[in-house]
Amino acid sequence: MRSLALFLFPFLLYISATSTGIDLRPSISERELLPGPSSAYTGLNQSPFQHRWLGGGQRFPRWTWKHDLTTQFNFQHNAHTFLGAEEFKSNPEWFPLVRGKRVDLSGAKGPNPNYAHPGFAEHVAGLARSHFEANPDSLSFSLSMTDSLVFDDSDLTRELVEPIAYFRRRPDFSDLVFAFANRVAEWVFYPESRIPEPDSRFLTSYAYYWAENTPSFDLHPHVIPFLTSDRAQWWDSEYQRNDQDLIQRWGQAGPQFIGGRDYYMGEGYFIPRHYPNLAAKSINFLAKHHAQAFYAEGRPIWGWNAPLYWLAAQLLRNPYQDHNTLLRHFYSTMYGHQASPYMHHFFTRCEEIWMNQSGTWQWLRYYQHPSQAELFPPEVCQELMGILWQAYKAVGGSENTLKEEGERWRGWSSHKLYRMRIELTLKAFQFTQVASEFYFAWKACALNPLLTESDLRAFKQDLHAFHQARAKLEHLPDLESPSSGWKFKHRLLLLDPEPRLLLSRDSPDTRHQTIDTVYKADFSGELLPRDTLGLDAWTIHRKTLSSGLGVSAEPTETYEFRRLPSIGNEEAGAIQIKGSTYTSLYFWFDAEPGHTYCASVFAKGVVSPGSRTTIYLKFKNEKREDVGGETIDETPPGIHDDWLPLVTTNRAPEGATQGFAAVRVWKQFPRDFIQLDDFNISLVAHD
């Protein structure tokens with residue numbers, strides 16, 4: 001039997017290699033590379049985490065099984081499932097009042113129900129009891145709110161949340177959300193409950209976004225909060241201290257234990273988001289402060305998420321291990337002794353870059369944002385790519401082996417397996433390098449104000465370099481997460497500076513002309529009373545301005561939206577926005593299929609990397625369904641004292657009846673502000 005196993009092992013290894021691309025082992029003696037060295041297996045009795053799960057693991061069931069990753073508790077967004085059409089008829093007051101109208105619930109990202117109504121809490125308690133009776137092995141029932149910032153706006157709710165308090169610059173609704181959870185728990189776990197052994201059952205609820213803070217009262221012991229935070233932001237020492245304080249306060253707030261929810265995002269980043277020291281520190285801290293569950297949301301890109309995911313899996317078994325010892329074992333066993341020093345160097349440099357970024361924390365900073373390339377400019381990418389090639393060559397790799405072995409796995413040897421693992425990182429980082437070149441070529445164009453003939457000459461030179469970088473990116477295989485097939489290349493390629501020529505006074509090219517103005521707002525007239533948008537309403541605010549524009553904004557503690565006063569003889573003509581998590585200034589217009597439209601605005605101010613000021617243009621049919629794709633342009637990061645144009649064009653497809661143009665300001669940092677002027681929509685010549 002032993003000889004048969006030895007005979008079959010290379011074949012089984014081939015299946016392992018080609019099925020996941022990550023569960024690769026160089027010899028029988030190292031079959032436990034993933035989930036790790038035997039020294040990591042100190043027994044589950046060493047781990048406080050009953051629930052241990054890493055996002056994307058469902059795609060790799062064998063990988064998760066070997067790591068003893070297991071799910072014990074339900075805690076997903078669930079409030080949208082509590083009410084249906086029957087309840088809307090019989091108890092409409094359980095549904096949220098939104099801008100004067102009761103609205104139905106519409107999915108996990110739809111509005112939240114009326115948490116303030118006592119009858120609604122009793123109704124949900126009945127659902128929880130029914131769940132436990134129908135599922136005797138279930139440990140929990142989720143009360144977690146929807147992934148939405150739309151709440152009931154009735155007097156019943158306002159009495160509980162006004163005057164509005166703030167936590168981390170956002171409205172603090174923890175008392176509303178967790179008072180509801182306590183009421184449900186009292187109905188579920190009363191002494192006459194029909195549930196056997198009620199002490200073994202729990203209600204879970206996200207401590208998330210507007211309900212991130214601890215409430216002003218003790219939590220019912222059977223309500224388990226799942227503390228949601230992007231602990232990759234612990235690179236900011238102030239955020240780390242505040243987050244650790246929050247974990248400690250939740251541990252002392254009454255629950256039997258707490259859960260931790262984090263973001264180990266691979267998908268959404270074309271750079272290595274690598275921070276093993278922070279991951280180890282946060283898992284250890286949670287374990288020491290009454291956490292018995294941990295979940296990291298995310299879909300890995302194995303080329304650079306493998307060390308982080310592997311390390312987290314080991315620490316969730318025993319959070320008190322030395323993570324540096326574990327990582328050294330990972331690098332030497334995963335990549336071989338010859339390549340290990342180079343791979344260790346590569347990932348250490350990636351971590352240094354993440355830890356030394358400028359500015360302040362922000363949840364999921366750079367997520368789906370092209371300015372993440374600011375952390376990995378071309379010269380840094382060249383340095384890191386050199387390290388990866390040293391690692392690859394150390395195990396016999398070359399340009400030829402990269403091409404041949406990348407197509408199919410041929411035979412077995414330890415060096416080939418090491419090369420396959422390094423290829424995962426090498427090919428992923430090739431995308432990083434090309435995407436960075438593309439971004440900085442775009443940025444050179446986007447920083448040009450196009451005011452003079454000299455500006456125009458420089459722009460055309462930079463535009464040529466941009467088109468070369470774009471062609472290189474277009475021909476590169478896309479970076480994608482194997483868990484979902486999500487792709488980044490399409491989003492990057494939306495960036496196109498060429499339409500800015502439409503606003504250049506010195507461009508003689510007739511292709512770059514607008515022929516008819518559909519809409520113009522220079523903000524020189526009255527914008528709204530007192531020239532300021534007051535977010536006295538605490539839900540997402542929507543308003544129509546006197547200029548015909550609509551505005552939608554998420555309230556924050558420091559939010560400012562106002563028209564600037566005139567100076568001297570100059571007309572007032574700019575809107576200033578500060579403290580914005582999300583603001584959309586938008587306009588609908590009639591569109592005719594086959595015509596090309598241009599949307600433009602001028603912007604200046606301070607834009608930190610990770611913040612965005614963008615202009616969008618897309619189309620809808622008569623049913624208000626999207627038709628065709630959207631186009632965008634945006635302001636690059638920097639301090640912009642002069643006006644920069646944002647311009648995008650889009651052709652209305654067949655079936656289009658309406659166009660939608662919007663200027664959006666996302667995730668501003670404390671020092672950021674943006675001024676906007678001359679929002680225009682026009683027809684373009686030479687359709």
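With sequence neighbours excluded, the residues satisfying side chain to side chain donor-acceptor pair (under 3.5 Å) with Y208 are D147. Applying the ring pair (Phe, Tyr, Trp, His ring centres under 6.0 Å) test to H289 and every residue at least two apart in sequence or in another chain returns F285. Applying the ring pair (Phe, Tyr, Trp, His ring centres under 6.0 Å) criterion to F73, with sequence neighbours excluded, gives F257. For the side chain to side chain donor-acceptor pair (under 3.5 Å) test, residues two or more places apart in sequence or in another chain that qualify with Q675 are Q576. Applying the ring pair (Phe, Tyr, Trp, His ring centres under 6.0 Å) criterion to Y586, with sequence neighbours excluded, gives F660.
Between the side chains of T648 and T631, at least one donor-acceptor pair of N or O atoms lies under 3.5 Å. A donor-acceptor contact closer than 3.5 angstrom is absent between the side chains of S552 and Y582. Judged by distance alone, the side chains of Q233 and D230 do bring a donor and an acceptor atom under 3.5 Å apart. Between the side chains of T146 and N112, at least one donor-acceptor pair of N or O atoms lies under 3.5 Å. Under the 3.5 Å distance criterion, with hydrogens and angles disregarded, a donor-acceptor pair is assigned to the side chains of Q72 and T70. Side-chain contact check for N74 and S142: no donor-acceptor pair (N or O, by modelled atom type) lies under 3.5 Å. If you check the side chains of R317 and S47, you find no donor sitting under 3.5 Å from an acceptor. Residues N78 and S144 bring no donor and acceptor atom of their side chains to less than 3.5 Å of each other. R273 and N305 share no side-chain donor-acceptor pair at under 3.5 Å. In this structure, a donor-acceptor pair under 3.5 Å is present between the side chains of D152 and T157. No donor-acceptor contact under 3.5 angstrom links the side chains of W210 and D172, judged on distance only. Side-chain contact annotation: Y166 with T558, donor-acceptor N/O pair under 3.5 Å absent. Side-chain N/O atoms of N284 and K288 include a donor and acceptor closer than 3.5 Å.
Taking the six-membered ring where tryptophan is involved, the planes of Y309 and W63 are tilted, since the angle between them lies from 30° to 60°.
Between I577 and F673, every side-chain heavy-atom pair lies at or beyond the 4.5 Å cut-off. Between I247 and R231, some side-chain heavy-atom pair lies under the 4.5 Å cut-off. Q244 places a side-chain heavy atom less than 4.5 Å from the side chain of W234.
Pairs engaging residues 355-378 under the salt bridge (Lys or Arg N to Asp or Glu O under 4.0 Å) rule: E374-K443 [sequence neighbours left out].
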- Task: Start with the C-alpha gap between F346 and F429, add the side-chain angles, then the distance that decides, and say whether ring pair (Phe, Tyr, Trp, His ring centres under 6.0 Å) holds.
- Result: CA-CA 11 Å; F346 171 83; F429 199 74; 5.4 Å; yes
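When ring centroids are compared, F120 and F180 come within the 6.0 Å threshold. Annotation: Y366 is not in aromatic contact with Y269 [ring centroid separation under 6.0 Å not met]. Ring centers of F178 and W250: under 6.0 Å apart, within the cut-off. In this structure, H51 has its ring center at least 6.0 angstrom away from the ring center of F294.
Using a cut-off of 4.0 Å between Lys/Arg side-chain N and Asp/Glu carboxylate O, D641 and K604 are scored as not salt-bridged. Salt-bridge formation is detected for the pair R562/E560: a Lys NZ or Arg NE/NH1/NH2 atom is positioned less than 4.0 Å from an Asp or Glu carboxylate oxygen. With salt bridges taken as basic N to acidic carboxylate O contacts below 4.0 Å, one links R168 and E212.
Cation-pi check for R261 over F75 is not met; the charged atom does not lie both under 6.0 angstrom from the ring centroid and within 45 degrees of its normal.
Here the closest heavy-atom approach between residue F49 and residue R52 is recorded as O-NH1, 2.7 Å.
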